[in-house]
Structures are given as structure tokens and as C-alpha cells.
2 protein chains.
Amino acid sequence: MMLMNNKEKLRKAGLRPTKQRMIIANILLNGINRHFTAENLQNEINSSGNSMSIATIYNCLKKFRNCGLIKQVESSKETAIFDTNIDQHHHFLDEETGELIDIENEEINLFKLPEIPKGYMNSGVEVLIKLKRQN
Amino acid sequence: MMLMNNKEKLRKAGLRPTKQRMIIANILLNGINRHFTAENLQNEINSSGNSMSIATIYNCLKKFRNCGLIKQVESSKETAIFDTNIDQHHHFLDEETGELIDIENEEINLFKLPEIPKGYMNSGVEVLIKLKRQN
DNA sequence: AAGTAGTTTAGAACGATTTCAAAGTAAAAA
DNA sequence: TTTTTACTTTGAAATCGTTCTAAACTACTT
């Protein structure tokens, strides 16, 4: 895999390397993986002496996500969804509609689990299988 | 397991069986499992000839959730969280702080997966392991 | 250099959820 | 019982994260 600078990465993804996108790319695409929110990012931009409209940050993150430069951590939707099924179980998620379908616990077999970090205990495992409509 | 009416269920959970909680319990705790939002529930309450402040519905759902009468489907938080790690991978979630920790894909082995519903294709599997601080 | 298509922006708008403080109600105490 | 106390409900306002809008701007093409 050959080296590529951020300008090239943006172009390759079909995105114009604007000033704003370069600022964000330079913060995010440096080889060190991390989780962050739009607000986190705005704070970093600000404290690096730059500034950017929050709308631009959202635009940019959406574009980056759609191009596969970053991911968005799965949450079933922006709205809280409750479930009367209180047993441990899993879900299919229709990515298009946000609809959830239960998967019984026995339908999934987690063969190997990672070591739980020190000081913590496992308080539940949830598997989400995302579904795309077949073409 | 012996039969219990909803008033008893509420009392057993340490909740006063108020008129409003009984209306909600009668809709939700009838043995048929389902997913729903606060708004869904309000519509059902309204169309059953009752009415209830949305604030009460949220209060009530939170209490029910905290008592284990219902679950809330896991979403990492109310805020969108992005991730620079674009490979398929999984997460630990510190339930207290909302912090996410990456789990490499190889650390988890999904031995048995359920059949994908007709017309859909699997577009990604995400495992979330919830963590509680150890006492 | 001029044109055009895509981008940024501040601010308004939005939807979901929480907070507020006052009025109401269930349970406990007298 | 009645009184007291603690908990609950309420509508309205506030808040939070996010999206929309429409005008100004900028990268790329001609």
C-alpha cells in the first residue's frame, strides 16, 4: 500500500480538497484511530487556531463517511427505541428504514470473546446485523 | 412462574401503580414483545381515548427501564459518534461514561449466525459488549 | 478571465428529550 | 379518618444535537 497525502486521499474519494476539508483530514487521517463527535472535532479545530461553522463540520463528516474515509458508529437511529423483550437477544437492523427485528439469543453463537478490560465486568453482549435490501 | 397482574408487577418493581403507569403497563406488558418509541406509545395512548403528557411518558419509560420491566435498545449515546477505524470491528461500551473501546475483528468469533431475512443481504455485523465497573 | 458547479456560512428551524415549578395523588402516619 | 409526606404528573419553556436555507464564496473547467 503506497503512501498518499490527505489532498490525494480526498481527490481519490471524489471530494474537492477545500481548505476546510483539509483541516479536518489533517486532524483525522493521520493513521491514529479514534472516536469523536462533531463537537469534539470543533473544539480541536478551534484550539488549533482555526475555526469552522458547525454546519460545515457536519457536512464534511457526512461526506467523509459516505466516501468511506471514516465510519459512523452504529446507533439504531436518532430516536430512543424501547423493547418489551427483556431477555438477552440480538437485532437485525434495516439500514434503510431503521426497523429492528429480534434475533433470539440461541440463533447466534459467540464462540470467542475478547478479554474484558481490567476493573470491568461484562454486562451484556448485543449483536447487530445490518441489512441492505438485495438488488 | 406464576401469573401476576400489572399492578402487582409495578409494586414488585418498587413503582407506585399510578393511573398513568397502569395505562402504559397495560399497553406494553401484555406478553407480546415489540419495539416502540415514546411517540409511538403516545399515539396508542391517544387513540385508546386516554391522554398523557409526553414528559410523563418519558418519565415512565425511564422508570420501567431502570426497573427492568422493559429494555432500551442500545445506541452508543444520543450523540453521533464517528470512528476513524474503517475496518470491520467491534466495541466495548462503558455504560457509565459512554466511552467506546475498539475490539479488533479477530478478537471475536461469531460461530453461528441466523438466517438473513428474504430479500435482504448482510451488510455488516457489529458486536457491542457493555461494561459495568466492577464493585 | 469567465462561467459553473460545488462548498461554506450564520442563523433559523427542527425533532427528541429534559427541566421546571406548580398542582395533583398515593401511601404512611397520626 | 384526616393529615402529612413523598412521589408523580403536567404543560410550557429550555436544551441539545443536527439539518436546512439561501446568500456569499471558491475550486475547477472552459
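If you measure from atom CD of B/Q20 to atom C1' of D/dC7, you get 12 Å, rounded to the nearest angstrom. Here the P atom of nucleotide D/dT18 and the NZ atom of A/K63 are 19 Å apart, to the nearest Å. Note: OH (A/Y58) to C1' (D/dT21) measures 18 Å, nearest angstrom. Between B/M22 atom CE and C/dT25 atom C1' the separation is 16 Å, expressed in whole Å. Between the C1' atom of D/dA27 and the NZ atom of A/K7 lies a distance of 10 Å, rounded to the nearest Å. Separating the CD1 atom of A/I23 from the P atom of C/dT7 is a distance of 16 Å, rounded to the nearest angstrom. To the nearest angstrom, P of C/dT18 lies 13 Å from CD1 of B/I57. Summarising the geometry, the separation between CG on B/N66 and C1' on D/dC7 is reported as 16 Å, rounded to the nearest angstrom.
Taking the nucleotide of DNA chain D with the nearest heavy atom to each of B/F82 and B/N59, the more 5' of the two is matched to B/N59. When each of A/T56 and B/I54 is assigned the nucleotide of DNA chain C with its nearest heavy atom, A/T56 is the one assigned upstream, toward the 5' end.
Near DNA chain C, defined here as any heavy-atom distance below 4.0 Å, there are no residues from residues 38-49 of chain B. If you check residues 11-19 of chain A against DNA chain C, the residues with a heavy atom closer than 4.0 Å are A/R16, A/T18, listed by number.
Counting heavy atoms from C-beta outward, A/I116 and B/I129 have side chains that approach closer than 4.5 Å.
Checked by atom type, the side-chain pair B/N40/B/H35 shows no donor-acceptor distance below 3.5 Å.
For A/T84 (side chain) and B/I70 (main-chain N/O), no donor-acceptor pair under 3.5 Å exists by modelled atom type. Judged by distance alone, the side chain of A/T56 and the main-chain N or O of A/M52 form no donor-acceptor pair under 3.5 Å.
Distance from the side chain of B/A55 is smallest to C/dT19 among C/dG11, C/dT19, D/dT18.
Summarising the geometry, atom CD1 belonging to A/I86 is positioned 14.0 Å from atom CZ belonging to B/R65; distances are rounded to the nearest 0.5 Å.
In terms of phosphate contacts, A/K62 brings no side-chain nitrogen or oxygen within less than 4.0 Å of OP1 or OP2 of D/dT18.
Hydrophobic clustering, with ILVMFWY side chains joined whenever heavy atoms are under 4.5 angstrom apart, keeps B/M4 apart from B/L10.
Looking at B/T79, its side chain has no donor and acceptor atom pair within 3.5 Å of the base of D/dG17.
Between A/E95 and A/K132 there is no salt bridge, since no side-chain nitrogen of the basic residue lies less than 4.0 Å from a carboxylate oxygen of the acidic one.
A 6.0 Å sphere centred on CD of B/E115 holds no more than 12 heavy atoms belonging to other residues, nucleotides or ligands. Within a 6.0 Å sphere centred on NZ of A/K9, other residues, nucleotides and ligands contribute more than 12 heavy atoms.
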